[in-house]
Amino acid sequence: MATIPSFSDVLSSPGTLESPLARALSTLFEPSAVLLEKLVPELASQSLSITTYSSLIDLAVTTISSWDTHTRAAFIAAHPRIGEVGNLSHLSRQEQAAKATPPDVLARLAQLNAMYERRYPGLRYITFVNGRSRAEIRDEMEGVLGGAGDREGGGEGVGGEVMPVEVGGSEWMKELDRAVVDVGRIAKSRLAALGAV
């Protein structure tokens, strides 16, 4: 069972890799090098006048949003893929496996993840699951990919090939910004699931 340190321990902790702040953020978001090596020290160096975990999440999302494009993308790319079954944190396993998933849906999600990552180089598809089944997320991903996500293999380019958007271009940036917002929504959902504020 996932837990988070007391908020008072988080506020008084240094920005080290093993600090209560690092443990809390790794639980609420996902543990990653970018989180541990950039977000934790940045938040620890600020004089935090926040009083709740919810406001810590807001501050973290604001901080992430202020990073350069490459660092934000690295943060998003560290999140697990929708439908992955291995190497998931305890909370990711709970969120993604709330309902049994047929093998064909898992296979389709793997295909859609690959298509998404070709379309948006350097990003992962992030969405606030919020109790939805993987089949519902599959349908959402197909909608995001438009014609590129057609089941029959049609879509953009020759032979249904997924054409990448320009890294740093408006469509790619819009997708990066949406993913950062959804990571914050996921963190707040995890906070609620842990019974913390």
Side-chain angles (χ1 to χ4, degrees), residues 1-2 26-35 61 64 69-194:
M1 169 84 177
S26 291
T27 300
L28 295 171
F29 293 94
E30 283 292 318
S32 70
V34 176
L35 181 141
V61 170
I64 294 162
T69 301
H70 174 77
T71 306
R72 278 185 289 153
F75 181 81
I76 292 303
H79 209 273
R81 290 175 179 90
I82 296 291
E84 276 187 333
V85 293
N87 299 318
L88 297 177
S89 69
H90 175 74
L91 290 174
S92 282
R93 261 193 318 281
Q94 282 183 318
E95 291 158 0
Q96 289 201 36
K99 300 175 183 174
T101 306
D104 64 311
V105 172
L106 290 175
R108 180 64 177 153
L109 285 170
Q111 180 184 39
L112 290 167
N113 279 316
M115 294 169 75
Y116 178 90
E117 291 170 25
R118 280 193 303 276
R119 174 121 190 200
Y120 299 98
L123 298 181
R124 288 258 169 94
Y125 185 71
I126 304 293
T127 190
F128 178 42
V129 173
N130 197 25
R132 293 179 292 161
S133 71
R134 286 176 172 157
E136 291 170 294
I137 302 305
R138 174 205 57 210
D139 296 345
E140 176 185 300
M141 288 180 78
E142 288 173 345
V144 167
L145 289 166
D150 289 348
R151 290 180 182 277
E152 293 77 33
E156 305 176 7
V158 179
E161 180 182 324
V162 175
M163 301 302 292
V165 300
E166 178 187 354
V167 174
S170 62
E171 184 179 344
W172 191 90
M173 292 299 294
K174 181 179 174 186
E175 192 59 19
L176 174 60
D177 292 341
R178 185 202 56 76
V180 170
V181 168
D182 270 14
V183 165
R185 295 173 69 201
I186 293 164
K188 286 197 174 182
S189 177
R190 289 178 175 185
L191 181 65
L194 292 168

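Nothing here was measured: the structure is a model prediction, and the numbers come from that model.
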- Query: Residues in side chain to side chain contact (heavy atoms under 4.5 Å, CB included) with Ala74, at least two apart?
  - Reply: Val34

- Note on the structure: CZ (Arg108) and CD1 (Ile137) are apart, to the nearest 0.5 Å, by 14.5 Å

- In this structure, CD of Glu84 is separated from NE2 of His79 (nearest 0.5 Å) by 10.5 Å

- With sequence neighbours left out, the residues meeting side chain to side chain contact (heavy atoms under 4.5 Å, CB included) with Ala107 are none

- Mind checking the CG-CD1 spacing from Leu106 to Ile82? Nearest 0.5 Å is all I need. 11.5 Å

- Item | Set of residues satisfying side chain to side chain donor-acceptor pair (under 3.5 Å) with respect to Asn113, sequence neighbours excluded | none

- Interatomic distance, CG@Asp177 vs CD1@Ile76, rounded to 0.5 Å, equals 9.5 Å

- Task: Output all residues satisfying salt bridge (Lys or Arg N to Asp or Glu O under 4.0 Å) with Glu117, sequence neighbours left out; order by chain, then residue number.
- Result: Arg81, Arg124

- Query: Between Glu136 (side chain) and Ser133 (backbone), is there a donor-acceptor pair under 3.5 Å?
  - Reply: yes

- So, the side chain of Trp172 versus the backbone of Pro121: is there a donor-acceptor pair under 3.5 Å, distance only? yes

- Note on the structure: What one should report as the nearest heavy-atom pair of Arg134 and Gly83 is NE-CA, 3.8 Å

- Query: With a 4.5 Å heavy-atom cut-off, do Ile186 and Ile126 have their side chains touching?
  - Reply: yes

- Query: Got a sec, which residues hit side chain to side chain donor-acceptor pair (under 3.5 Å) with Ser32, two or more places apart in sequence or on another chain?
  - Reply: none

- Considering only heavy atoms from C-beta outward, does the side chain of Arg119 approach that of Glu171 to under 4.5 Å? yes

- Item | Side chain to side chain, Leu112 and Glu142, heavy atoms closer than 4.5 Å | yes

- Query: At what distance, to the nearest 0.5 angstrom, does CE of Met115 lie from CG of Leu145?
  - Reply: 5.5 Å

- Query: Given the rule in the side-chain contact (heavy atoms from CB on, under 4.5 Å) test, do Arg72 and Met173 qualify, once you have shown the distances and angles that lead to the verdict?
  - Reply: CA-CA 10 Å; Arg72 278 185 289 153; Met173 292 299 294; 3.4 Å; yes

- Query: Do we see a donor-acceptor contact under 3.5 Å between the side chains of Glu175 and Tyr125?
  - Reply: no

- Please name all residues satisfying side chain to side chain donor-acceptor pair (under 3.5 Å) with Lys174, sequence neighbours left out, ordered by chain then number. none

- Item | Student check: side-chain heavy atoms of Leu123 and Tyr116 closer than 4.5 Å | yes

- Can you find a pair of side-chain heavy atoms, one from Val183 and one from Val61, that are under 4.5 Å apart? no

- Message: Tell me every residue that passes side chain to side chain donor-acceptor pair (under 3.5 Å) with Asn130, counting only those two or more places apart in sequence or in another chain.
- Response: none

- Message: Just to verify, what does Val181 make a side chain to side chain contact (heavy atoms under 4.5 Å, CB included) with, not counting sequence neighbours?
- Response: Arg185

- Message: If we ignore hydrogens and angles and just use 3.5 Å, is the side chain of Arg190 paired with the main-chain N or O of Thr27 as donor and acceptor?
- Response: yes

